[in-house]
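Since the model is a prediction, treat every value here as computed from it, not as a measurement. Naming: A, B, ... by sequence-line order, numbering from 1 per chain. Side chains are part of it too, since the values below use all heavy atoms of this structure and drop only hydrogens, waters and symmetry mates.
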Amino acid sequence: MPIIVERRGAQVALVEVRDDGAAQGNETLLTEAELPRVMRELEAEHPRWVFSDTTQWYPALLQAGVRLERCHDLRLVEGILAGVEGRPARAELRPRTRPALGETLFDVDSETDAAPGPPASLTYREQQAAIAARPRARSLSLLAAAESAGALAAAEMTHVGLPWSAEDHDALLTAALGPRPPAGARPARLTELAAEVSRRLGGAAVPLDSPTELLRALRGAGIDVSSTRQSELQRVVHPAIAPLLEYKSLARLWSANGWNWLDEWVHDGRFRPVFVPAGASSGRWASDGGGALQLPRQVRGAVRADDGWTLVVADAAQLEPRILAALSGDVAMAHAGAGVDLYAGMVESGVVASREHAKLGMLGAMYGGTTGESARVLPKLARSFPDAIAFVEAAARTGERGGAVTTHLGRTSPAPNEAWSERQSQAHSGGASGAAVAAARTDARTWGRFTRNFVVQGTAAEWALAWLAGVRRRLWSSERGPLSRQPHLAFFLHDELVVHAPHSHAAEVEAALREAAAEAGRIVFGHTAVTFPITVAVVQRYNEAK
DNA sequence: TCACCATGCGCC
DNA sequence: CGGCGCATGGTGA
C-alpha cells in the first residue's frame, strides 16, 4: 500500500493510493509536528512511503526517531526513467545543484526555486504507468525499489554516522607529521622533508607544492621527467626522490585528512558522510563533502567501534568480473569463479600464468585498456571467456556509434553530447581533414570505453544496492530500540559494507551479510551459475580488515 | 578578487 | 584504461 507524503502549504498530506497510484480516497492532513508520530504508527502496516525527494523528508524523521522500511523516491526514479526514455529529467525533480556564491543573496528560499510541479500523487501514478509500459517493467520496478531503499540507507548512515576516534586520528597524525602546528604553519615533519629535498636537489629552496616549480627544479637537477606525478617519480633513481615521495604522501594526508578535516567533519565521535545515491550516471553512489568515498587507508585506523561494539566489514570478492560473467552468461568464467577467488580460479584452469595477470587482463577488458600487460593477456581471456569478452566489446561498439547501453536491470547510459555527435557526422561526411577524422575516432573510442564500463559498473551498482537493501532489512528489528542502539549500516563503498554492532551480535550480522549477498545475485540475475562470495572481517578498527 | 581550469592523488 | 571528490596552484577576466 503506497502512501504519498505531500506538502500542502504549511501542512502535510498523507494520501493512500493503490499500487498503480490511482486515488483511493483516504487522505489525512497533518501539521509537520504531528507527522513523525502518525508515520510511526502507520509503519506497522508496512506501507511504501512515496517521497518527492527522500533527502527532504527522511533526515528530520530519523531525528524524531522514525525509521522507515520502504519508500519510492520520485526524484531518483525520474532519473532512471528519463535515462530510459532518452530525455532530460523534469526540472522540478532534478537534483538540486548547490547555489553559486552570491545566488543565495537574491534567492532567499532556494528550496522553492524550481517550479513546484504537479502533485506527488500524480507523479507517482505517471511513474508507475511509465514503468509498466516498458518491455522490461519487472526489472525496472525492481531497480526503482532498490534505488529507493538505497536512499533510505544513505540517510540512515548519515544519521548514525561512522564511529570515529578523534583521539586516535590525532595520534596517528602526530606520529606521521609531528604535533599539530599553529594555524598557517606547516607540520615539522613536512618542513624537514622539504629541506632535505631542496638539499639533495642542489641547495636552493624548492616550493614542493607547486608542480610547475617542482618540475623546473627536478629538470634543473638533471632529472628527466615530464611531470611530478608519483608514478613517474617512482621510476627515477636519485637521492631526492625518496624524501620527495614521502613529502607528497604526508602533505596529502595533512591537507586532505589532517587536523582541519577532523575539526570540520568529526563531531561527537562520528563522521557523518553525505552519500549521494546515483551520483554517477552508472548508478554508483557519490558523496558530498568530507571525501567519504576516498577515505585513505592511512586514516582508517581512526574508524573505531564503540566500547562493547564491533565493526563487521564485508567486501564483495572481485565483484565486477563476476558481474560480467553473469551479464554475459559466460559459463567458463562462472566456473573460474566457483571459489572465493575468481582470479585464482583463472590461474588454476590454466588461462593465465598468475593472479596478477588475471586481474590486469580483466580490468583492461572492462575499462578498455589497450596497452601494456593488460593488452597482452586479453587474447588469452578472449579464447577462454569468449562470451564475456564479446559482451564488453559489443557495449564498446554501441558507444562508439553514439548508441545507448543498459545495465541488467535497465538503467540506460546517457547520450554523448551534441559536440561529440557533430564531430562524428563532420568526420563521416567526406571532405573532413585527416586530423578531424582522427580526432573523431579518438572521441568515438573514448565514448566506447565509457559504455563498455557502464554496463559492468552499473550492474555491479545494482547488485550492491540489492545487497545493501537486504542487509538493511535483516539487521533492523523494531523491538530493539533506536537505530543507533542496534546493529546498523555505518558505511558503504561501492562493493564494501561496514556494520556497527554490539559484539554479541557479530555472528548474526555476518550471517545477514552473507545471506543478503546470495539473495542479491538472485534478485538481479534470477538463476545464474555465477556466485557472489563476500569476505567478512570482525574488527575493532576499519584498517584491521583486509 | 573571483570563477574556472589543470594537476595530482585518494577511493572503488 | 572506467567512475568519482577534493585540495592546491595558476590563469584570465
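Shown here is A:Arg441, whose CZ atom has no more than 12 heavy atoms of other residues, nucleotides or ligands within 6.0 Å.
Residue pairs satisfying the ring-ring contact (aromatic ring centres under 6.0 Å, His included) criterion with at least one member in residues 160-215 of chain A, sequence neighbours excluded, are listed as follows: A:Trp164-A:His169, A:Trp164-A:Trp261, A:Trp164-A:Phe271, A:His169-A:Trp261. Under the salt bridge (charged side-chain N to carboxylate O under 4.0 Å, His left out) criterion, the residue pairs touching residues 222-249 of chain A are A:Arg189-A:Glu246, with sequence neighbours excluded.
Counting to the nearest Å, the C1' atom of B:dG8 and the CG atom of A:Leu244 are 13 Å from each other. Residue A:Asp443 contributes atom CG, which lies 15 Å from atom P of C:dC1 at whole-angstrom precision. Atoms CD (A:Glu496) and C1' (B:dG10) sit 14 Å apart, rounded to a whole Å. Taking atom CG of A:Asn257 as the reference point, atom P of B:dG8 lies 20 Å away to the nearest angstrom. Residue A:Trp285 contributes atom CH2, which lies 20 Å from atom P of B:dC11 at whole-angstrom precision. Going from atom CG of A:Leu245 over to atom C1' of B:dG8 covers 13 Å, rounded to whole Å. Following rounding to the nearest Å, A:Phe275 (CZ) and B:dC12 (C1') show an atom-to-atom distance of 13 Å. The distance from atom CZ of A:Arg284 to atom P of C:dG2 is 13 Å, rounded to the nearest whole Å.
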side-chain contact (heavy atoms from CB on, under 4.5 Å) assessment of A:Met346 paired with A:Met362: CA-CA 11 Å; A:Met346 290 182 174; A:Met362 282 312 302; 3.7 Å; yes
Trace of the side-chain contact (heavy atoms from CB on, under 4.5 Å) decision for A:Leu214 with A:Val206: CA-CA 6 Å; A:Leu214 175 57; A:Val206 180; 4.1 Å; yes
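Within the nucleic acid shown, A:Gly291 comes within 4.0 Å of sugar-phosphate atoms alone, with no base atom in reach, counting heavy atoms only. Note on A:Gly290: only backbone sugar-phosphate atoms sit closer than 4.0 angstrom, heavy atoms only; bases stay farther off.
With DNA chain C read from its 5' end, the first of the two nearest nucleotides for A:Arg252 and A:Thr371 is the one closest to A:Thr371.
A perpendicular orientation is assigned to the rings of A:His500 and A:His488, their planes being inclined by more than 60° (bins at 30° and 60°). Relative orientation of the A:Phe454 and A:Phe450 rings is perpendicular, given thresholds of 30° and 60° on the angle between their planes.
Using a 4.5 Å cut-off on side-chain heavy atoms (C-beta onward), A:Ser287 and A:Val274 make no contact. Using a 4.5 Å cut-off on side-chain heavy atoms (C-beta onward), A:Arg252 and A:Pro296 make no contact. Residues A:Trp265 and A:Asn257 form no side-chain contact, since every pair of their non-hydrogen atoms from C-beta on lies 4.5 Å or further apart.
Every side chain to side chain donor-acceptor pair (under 3.5 Å) that A:Arg270 has, sequence neighbours left out, goes to A:Asp306. A search for side chain to side chain donor-acceptor pair (under 3.5 Å) contacts involving A:Tyr367 returns nothing, not counting sequence neighbours. With sequence neighbours left out, A:Ile523 forms a side chain to side chain contact (heavy atoms under 4.5 Å, CB included) with A:Leu142, A:Ala466, A:Glu519.
A heavy atom lying under 4.0 Å from DNA chain B marks none of the residues of residues 165-204 of chain A. For DNA chain B, none of the residues of residues 445-472 of chain A falls under the heavy-atom distance limit of 4.0 Å. Residues from residues 218-237 of chain A that place a heavy atom under 4.0 Å from any atom of DNA chain B, listed by number: A:Ser227, A:Thr228, A:Arg229, A:Gln230. Shown for residues 145-152 of chain A: no residue has heavy atoms falling under 4.0 angstrom of DNA chain B. Contacts between residues 293-302 of chain A and DNA chain B, defined by a heavy-atom separation under 4.0 Å, are made by A:Leu293, A:Gln294, A:Leu295, A:Pro296, A:Arg297, A:Arg300.
A rotation axis mapping the C1' atoms of four pairs onto the next four is fitted at both ends of the helix from B:dT1-C:dA13 to B:dC12-C:dG2 over five pairs, and the angle between these axes is 10° to 10 degrees.
Under a 4.0 Å N-O distance rule, the pair A:Lys546/A:Asp315 qualifies as a salt bridge. Taking a cutoff of 4.0 Å between a charged side-chain nitrogen and a carboxylate oxygen, A:Glu196 and A:Arg199 qualify as a salt bridge. Under a 4.0 Å N-O distance rule, the pair A:Glu78/A:Arg87 qualifies as a salt bridge. Taking 4.0 Å as the cut-off between side-chain N and carboxylate O, A:Arg452 and A:Glu393 count as a salt-bridged pair.
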Nucleotides 8-13 of chain C: protein proximity per nucleotide (B base, S sugar-phosphate only, - neither; heavy atom, under 4.0 Å): SSS---
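Between B:dG8 and A:Lys248, no contact under 4.0 Å exists linking OP1 or OP2 to a side-chain N or O.
In summary, the side chains of A:Thr442 and A:Arg445 do not present any donor paired with an acceptor at a separation below 3.5 Å, with no hydrogens or angles considered. No hydrogens or angles considered: nothing links the side chains of A:Asp53 and A:Tyr58 as a donor-acceptor pair under 3.5 Å.
Cation-pi contact between A:Arg355 and A:Tyr343: absent, since separation from the ring centre below 6.0 Å together with deviation from the ring axis within 45° is not met.
Checked against A:Arg284 for a salt bridge (Lys or Arg N to Asp or Glu O under 4.0 Å), the options A:Glu320, A:Glu147, A:Glu462 give a single hit: A:Glu320.
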